[in-house]
Amino acid sequence: MVKDWSPEPFLRWQPPAAGTYTIQVWLRNAGSSATYDSSKSSAPLVVGAPAALAVSSLTADRTMPVPAGTPVTLTAKATGGIGPYQFQFWVFNGTAWSVGRAWSTNSTWTWVPPAAGSYSVQVWVRNAGSSATYDAWRSLGPLAVSASVSLGVPT
């Protein structure tokens, strides 16, 4: 049984897995003590598995190189899988990877490169409810960052 007796004439149901399902509704008149007075079955409902989660793009809002200290907004786009997705951004500074932004349902992150150098950025994406390290990922880079521009006073 998916839903007990109710005067509501609708059912909200999420299939637990891919497969073929048939929904049957039992009706009974107000005050009836019969198991049911009428019934109707749906045609078979074929539920497919969702497409695998994939990161279709990871883009920056600026053209590289940028001066150190310049905000760069990165945007990831994911398809397939089960939403809402969770995104985590990583930065490689040429020596080590570090988390740029922890898990969030926000697919954008603004990175401020701290110093001149060559960087790479990765986004990890998980399906809703997933406890995997990641279900899909994508890299962007190398991203060239130049020395910051200092404002000088002309002499």
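Heavy-atom basis, side chains included; hydrogens, waters and symmetry copies ignored. Note that this is a predicted model, so its numbers are computed, not measured.
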### Task
Return yes if some donor-acceptor pair links the side-chain N/O of Lys3 with the main-chain N/O of Arg12 below 3.5 Å, else return no.
no
### Message
Run the side chain to side chain contact (heavy atoms under 4.5 Å, CB included) test on Leu74 and Val123 for me, step by step, so that the C-alpha distance in whole Å, both residues' side-chain angles and the decisive distance to 0.1 Å come before the verdict.
### Response
CA-CA 9 Å; Leu74 299 149; Val123 64; over 6 Å; no
### Query
For the hydrophobic clusters of this structure (ILVMFWY residues joined by side-chain heavy atoms under 4.5 Å, transitively), does one cluster hold both Val55 and Val72?
yes
#### Entry: Shortest non-hydrogen separation from Val125 to Ala78 and the atoms involved
CG1-CB, 4.2 Å
Distance-only donor-acceptor hits, side chain of residues 38-47, under 3.5 Å, sequence neighbours excluded:
from	atom 1	to	atom 2	distance (Å)
Ser41	OG	Gln24	NE2	3.1
Ser42	OG	Ile23	N	2.9
Ser42	OG	Ile23	O	3.4

### Message
Can you tell me how the ring of Tyr21 sits relative to the ring of Trp13, calling it parallel under 30°, perpendicular over 60° and tilted otherwise?
### Response
perpendicular
### Query
Are any side-chain N or O atoms of Asp135 and backbone N or O atoms of Asn127, one a donor and one an acceptor, separated by less than 3.5 Å?
yes
## Note on the structure
Rounded to the nearest 0.5 Å, the CH2 atom of Trp90 sits from the CH2 atom of Trp109 at a distance of 11.5 Å
### Query
Is Val91 reachable from Leu143 through a run of I, L, V, M, F, W or Y residues, each pair having side-chain heavy atoms under 4.5 Å apart?
yes
#### Entry: Residue among Ser118, Pro113, Pro114 satisfying side-chain contact (heavy atoms from CB on, under 4.5 Å) with Val145
Pro113
### Task
Considering non-hydrogen atoms only, spot the tightest contact between Tyr134 and Arg126 and give its length.
CA-CG, 3.9 Å
### Task
Evaluate the ring planes of Phe87 and Phe89, with Trp represented by its six-membered ring, and classify them as parallel (under 30°), tilted (30 to 60°) or perpendicular (over 60°).
parallel
### Message
Does the plane of the ring in Tyr119 sit parallel, tilted or perpendicular to the ring in Trp111? Use 30° and 60° as the thresholds.
### Response
perpendicular
### Task
Supply the atom-to-atom distance Trp97 CH2 to Phe92 CZ, rounded to the nearest 0.5 angstrom.
7.0 Å
### Task
Could you please spell out the steps behind the side chain to side chain contact (heavy atoms under 4.5 Å, CB included) verdict for Thr35 and Trp26?
CA-CA 9 Å; Thr35 303; Trp26 291 1; 3.7 Å; yes
### Query
Looking at Pro67 and Ser148, what are the two nearest heavy atoms and their distance?
CB-CA, 4.1 Å
### Message
Could you see if Met64 belongs to whatever hydrophobic cluster contains Leu140? Use Ile, Leu, Val, Met, Phe, Trp, Tyr and a side-chain cutoff under 4.5 Å.
### Response
yes
### Query
So Thr70 and Val112, side chain to side chain contact (heavy atoms under 4.5 Å, CB included) or not? Walk me through it.
CA-CA 6 Å; Thr70 302; Val112 180; over 6 Å; no
### Query
Is a side-chain donor or acceptor of Arg101 paired with a backbone partner of Asn106 at a separation under 3.5 angstrom?
yes
### Message
Is a donor from one side chain sitting under 3.5 angstrom from an acceptor on the other, for Thr110 and Thr73?
### Response
yes
